[in-house]
Every structure is written in structure tokens, then in C-alpha cells.
Amino acid sequence: MNYPMQQLVIIGPALFIVLMIAFPLIGVFGGWKRAVYWGGGNFLFYVIGLLVWRFTSGGIVNLIKPLLEKLTTEADFSKIAVTIAAPIFFVLIFIVANLLLLINYYAWFKRVAKLKKYQKVKKTDKQGNVTKVKVQVQKNTSTKYKVINHVVGGVSMTALMLPSTFAFTQATMYATTSVTTRKNNAFASNVYNMLAKVNDKMSWLSYYTADSAKDYDALFAGLAMREKKIVVKLPGQEEEQEVEVIDAVSQTFEQGIGQIYDSATKGEGAEKTLDESITELKDSWNAIVEGAGDEMSALFNSDNATEVMQGLLEIPDDSGATLGKDEVEAFIDPEGKFQEKINEYKQQFDQVTIGEAAYNNILNEISGMYDFKEEEVTPEQQAEFNKALQQVMNLLFNKA
């Protein structure tokens, strides 16, 4: 299933339209005083909350992090927690701000700004008794003042509420959409992309970074991949089997790359030829991309999700393989089997397009699986070996 459900994808765009229509109308009919109070009040709390977030987000995240960690297991949220928590913090600020503004409006502002429709006046009856009665306030305002009042109210309310409108809509879309559900709704996708562009240009006035959207998509993709199942023949397996996508990716990485390493370094003594190992990796990877390509792209495209990805995919930090001169040369020899087969198969893989930073993150994770015998392998050869690993990466991923 998708996380979140497909039915929720329309909530964010609908909310955006409602807010963009409602705030100008409220300003027009409420007048400039109400517009300045509600719009200015929200903007003031928005800025105060933003300053608090910028200077204390680390401490706030430590309070929220345990809740995030319950969403999945075996994943470290230390890199992703800040961007995940930012929309949650903004929504809390927004709710608290409007509750305080509402209380203050009826307790103080409405009276001071003389916005009450009725007022109590003293009245003396024929017997000389003084009583207080409620009478309607008579306002002798010109047509020119009324026009200015409505126009200024509409413009100021709209302008002052724009940051909150954008931030609240983005928070809603982060929580109710994913890369998969937006793909099935062009309207939601367009609104989402438009807000992302605005956020990039006004990042100095935003709670969110470009990573916020990517991290939420990665989180939901990871959760979906733990539930979604595909039929695939994994590297090292004799038959097709139905497995969760996240397990299929994990085993394809671990077994597929491991078999290629074994075939390349042992040559004829390996259990499988290099052709067979690369073919098994290709078949397994292409089946995964066909069944869950969007989720794959979202999971791997988050720069901050590297440690989460590592926990979900169970990519080992160290495979225990220590490479000597012979093993390294099997990969870096321009005339060797490895280079020949890489060139032969590189057009047969269905690639997943990801950003440069995410690409480098994954490459570093895979590189960390191997160590070198320092006395046999020169730094130059180590660099060449890492380039060979990058060639394997280029079979699987297209760097945007």
C-alpha cells in the first residue's frame, strides 16, 4: 500500500485554494484593523517561531525524535530528524498563535480598536433611575473610507498571511502525499512543485529546506517498501519468490555486489562466472525497479536519509573483505574481464535517477564494505578500485 493513502493527496491542494481565497475575503469584509491584527499577529508569531526553530531546533528534535523512531525499526534518524520535525513544529506554533490571538481579540483588541457593533450606554428613565442599555454603534464613515478600509484589509491580510499559508500547506502536503500518490494526481503535483519553488526562493523566511520534502518522501517510501511485495529471483537464489521490496533491495545489494566481487577476483575458481553474477544482479534489480521504481527513487534521493537507508537496507559497514594487489587488479585492469563485462551490460539495467549528493552517499556506503592491504595496494590503486565500484553503481543509478 501507499504511505499515505492515495485518497489523501487532494487535501493539501484543496487547503491551499481555500486559504488563498479565504484570507483576502476575510481582509476585505473585516476591514484593515482586523486584517492587521490577525495577519500581523500570525506573521509576528511566524517570525518568532522561526527564530526559536533556527536557534533551538536541536533541543526540540531531541523531544520529537523518539516518536519518529517508532515509525520504523533498525534506522537511525539522527540525520533526518530535523527536517522531519520542522513542519510539526510550525503547525504547533500556528495553532498556539491563533489560540492566543483569539483570546486576546475578544478580551482586549475588539474593545480597544472599537470594533464592537454594540456598546452599553447609560440611560435615565422618567423616574430618574440610571440603567445601562445596549445600543448599536453609529459609524458615520464616508464611502471613500469604506473603500479604502476594504481594499487595505484585503491586501494586507493576504500579504501578511502568505508565509503561514505556504508553510501550512507544505506541512499538510508533506504529511498527506508521497512521490507515488502525487504521480497519480497532476493537480497535487503541480501545487507541490510550485510551493517547492517558492520555498527555494524564500528559504530565509522558511522553516523548511529542500531536504524537508525529500526526507518525507524517503520516509514514506521506506515504509511502503516494507509492506509492498514483488515476485523476484534474487542473486544467489534458484527460484523466484515473493518478498518485501525492502528485503529484495537489501539482498540485491549485498548478494549481487558480493557475487560480482567473488567472480571477478577468483576467476575460474569462483562459484559463478562474471556473466552469471552480473546477469543475476540485472534481473533482480530490473524486477525491483519495475515493481517499485518510484519508491526506490524517493528513498535513495534523500541526502539526509543515508543512515536511515543503511538501517533499512542493512548494508554492512564492513564486509570483512580485505583486498590485496591481485583482487584490486582484477577490477582495475583495462583489459580485464570486469571492465569488458561492465561495458557489455551497462545498457541492460533499468536505472534509478538520484541526486549527486545521494549518489555519493550510497557510493560511500558500498565503498565502506571493503578494506585494503596497505603494504600491497597503493593509494592510486585504491582510487582506481573505487572508480570500479562506481562503475557498478552506474549500472544501477543515473546521477542527475
Side-chain angles (χ1 to χ4, degrees), residues 1-6 8-9 72 75 173-174 177-186 188-190 192-193 196 210-211 213-235 237 240-257 278-306 308-310 312-315 345-363 365-366 390-400:
M1 64 176 292
N2 290 325
Y3 284 91
M5 293 185 296
Q6 182 67 46
L8 302 180
V9 72
T72 187
M173 295 200 75
Y174 292 157
T177 72
S178 69
V179 65
T180 306
T181 60
R182 291 193 302 274
K183 183 180 180 180
N184 298 325
N185 190 299
S189 180
N190 290 335
Y192 185 90
N193 293 333
D211 293 328
K214 292 180 181 178
D215 291 349
Y216 266 89
D217 280 346
L219 175 64
F220 287 130
L223 293 173
M225 289 167 70
R226 294 180 70 90
E227 296 288 336
K228 190 173 185 178
K229 293 185 177 182
I230 59 172
V231 177
V232 59
K233 182 182 177 183
L234 298 169
Q237 302 294 322
E240 289 186 340
Q241 54 184 305
E242 186 179 54
V243 295
E244 293 177 1
V245 175
I246 201 71
D247 291 333
V249 176
S250 176
Q251 292 183 52
T252 298
F253 262 94
E254 186 174 358
Q255 298 296 327
I257 296 176
I278 296 179
T279 298
E280 288 190 10
L281 175 65
K282 172 182 67 73
D283 292 344
S284 180
W285 182 261
N286 288 355
I288 294 170
V289 173
E290 182 180 356
D294 293 330
E295 291 90 345
M296 289 274 287
S297 180
L299 179 63
F300 287 111
N301 203 34
S302 169
D303 300 344
N304 289 329
T306 298
V308 176
M309 178 204 71
Q310 183 180 356
L312 291 171
L313 298 182
E314 299 176 352
I315 295 176
Y345 281 90
K346 63 183 179 181
Q347 301 299 327
Q348 300 182 30
F349 280 76
D350 295 333
Q351 294 177 308
V352 174
T353 300
I354 60 176
E356 182 175 0
Y359 177 94
N360 292 333
N361 285 339
I362 302 168
L363 180 59
E365 291 295 333
I366 295 175
Q390 187 173 348
Q391 289 179 295
V392 178
M393 276 281 294
N394 292 340
L395 295 175
L396 310 177
F397 298 103
N398 176 40
K399 183 166 59 174

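All residue numbers in this chain count up from 1 along the given sequence.
In this structure, Asn286 contributes its side chain and Gln348 its backbone to a donor-acceptor pair below 3.5 Å. Under the 3.5 Å distance criterion, the side-chain polar atoms of Glu240 are left unmatched by any main-chain donor or acceptor of Lys233. Of the possible donor and acceptor atoms, one in the side chain of Lys228 sits under 3.5 Å from a partner among the backbone N and O of Gly291. Checking side-chain atoms of Asn301 against main-chain N and O of Gly355 turns up a donor-acceptor pair under 3.5 Å. Distance alone, capped at 3.5 Å, places no donor-acceptor pair between the Glu280 side chain and the Gly256 backbone.
If you take CG on Leu234 and CD on Gln251, they are separated by 5.0 Å, rounding to the nearest 0.5 Å. Rounded to the nearest 0.5 angstrom, Glu244 CD and Ser250 OG are separated by 11.5 Å. Here CG of Asp217 is found 6.5 Å from OG1 of Thr177. Values are rounded to the nearest 0.5 Å. From Ser178, atom OG reaches atom CE of Met173 across 10.5 Å, with rounding to the nearest 0.5 Å.
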Val352 and Leu396: side-chain contact (heavy atoms from CB on, under 4.5 Å), yes or no, with the steps? CA-CA 6 Å; Val352 174; Leu396 310 177; over 6 Å; no

Can Tyr345 and Thr279 be said to form a side-chain hydrogen bond (donor to acceptor under 3.5 Å, both in side chains), step by step? CA-CA 8 Å; Tyr345 281 90; Thr279 298; 3.2 Å; yes

Step-by-step side-chain contact (heavy atoms from CB on, under 4.5 Å) determination, Glu295 to Val245: CA-CA 9 Å; Glu295 291 90 345; Val245 175; over 6 Å; no

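In Lys229, the NZ atom is not crowded: 12 or fewer heavy atoms of neighbouring residues, nucleotides or ligands sit closer than 6.0 Å. Atom CD of Gln237 has more than 12 neighbouring heavy atoms from other residues, nucleotides or ligands inside a 6.0 Å radius.
Thr181 is not listed as a side-chain neighbour of Leu8, based on a closest heavy-atom distance of 4.5 Å or more. Residues Tyr192 and Val179 fail the side-chain proximity criterion, which asks for heavy atoms closer than 4.5 Å. At a threshold of 4.5 Å between non-hydrogen side-chain atoms, the residues Leu281 and Phe349 count as touching. Side chains of Met296 and Phe397 form no contact here, defined as non-hydrogen atoms less than 4.5 Å apart. Between Asn184 and Gln6 there is a side-chain heavy-atom pair separated by less than 4.5 Å. Annotation: side chain of Leu299 is in contact with side chain of Ile246 (closest heavy-atom distance under 4.5 Å). Counting heavy atoms from C-beta on, the side chains of Thr252 and Pro235 come closer than 4.5 Å.
Nearest heavy atom pair, residue Thr353 against residue Ser297, reads O-OG, 3.2 Å. The two residues Ala287 and Ile230 come nearest to each other via the heavy atoms O-CD1, 4.1 Å. Residues Lys346 and Leu395 share a closest heavy-atom pair of CA-CD2, 3.3 Å. For the pair Gln390 and Lys399, the tightest heavy-atom approach, listed with the atom from each and the gap, is NE2-NZ, 4.5 Å.
Note: Phe253 and Trp285 have perpendicular aromatic rings, judged against thresholds of 30 and 60 degrees for the angle between ring planes.
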